[in-house]
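Below is one structure; the comments refer to it alone.
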Amino acid sequence: MNCYECAARAEDTPAVAVCVDCGVALCIEHAEVTPRRLSRAAAMNRTVAVGPVTRTVRCHLCRAAVDAAAGRRAPAPARAGSPPTARSAPTV
Ligand SMILES: [Zn+2]
Ligand SMILES: [Zn+2]
């Protein structure tokens, strides 16, 4: 399987991971890895961290969406006079 993002640019790059949200295959350059801390419920409504820190792999789109939903990186507001960003520019 080849990387979806690379294939969209007419490049054939072997995939090394799959986005956990949308399922596209990704090469090492396009795979965005974030740490994932697992926890379990304990007595007295406590949450206890367990095990080693694991990881989550996402494509850049899903990573941006998850970050925006969590309020970590809000999408740039579209204001009059602001220069267009690379993210909002159509890519052909
Ligand atoms: Zn790629
Ligand atoms: Zn994705």
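Order of listing sets the numbers, starting from 1, for every ligand and every atom in it.
- With respect to the Zn ion (ligand 1), His30 has ND1 as its nearest N, O or S atom.
- In the hydrophobic clustering of ILVMFWY residues, with side-chain heavy atoms under 4.5 Å counting as a link, Val24 and Val33 come out together.
- Side-chain contact between Val66 and Arg72 is present, with heavy atoms from C-beta onward closer than 4.5 Å.
- The nearest N, O or S atom of Cys59 is closer to the Zn ion (ligand 2) than 2.8 Å.
- The hydrophobic cluster containing Met1 does not contain Val20, counting ILVMFWY residues as joined when their side-chain heavy atoms lie under 4.5 angstrom apart, directly or transitively.
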Full working for side chain to side chain contact (heavy atoms under 4.5 Å, CB included) between Glu5 and His60: CA-CA 9 Å; Glu5 302 291 348; His60 70 99; 3.6 Å; yes
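- Rounded to 10°, the angle that SG of Cys6 and SG of Cys27 form at the Zn ion (ligand 1) is 110°.
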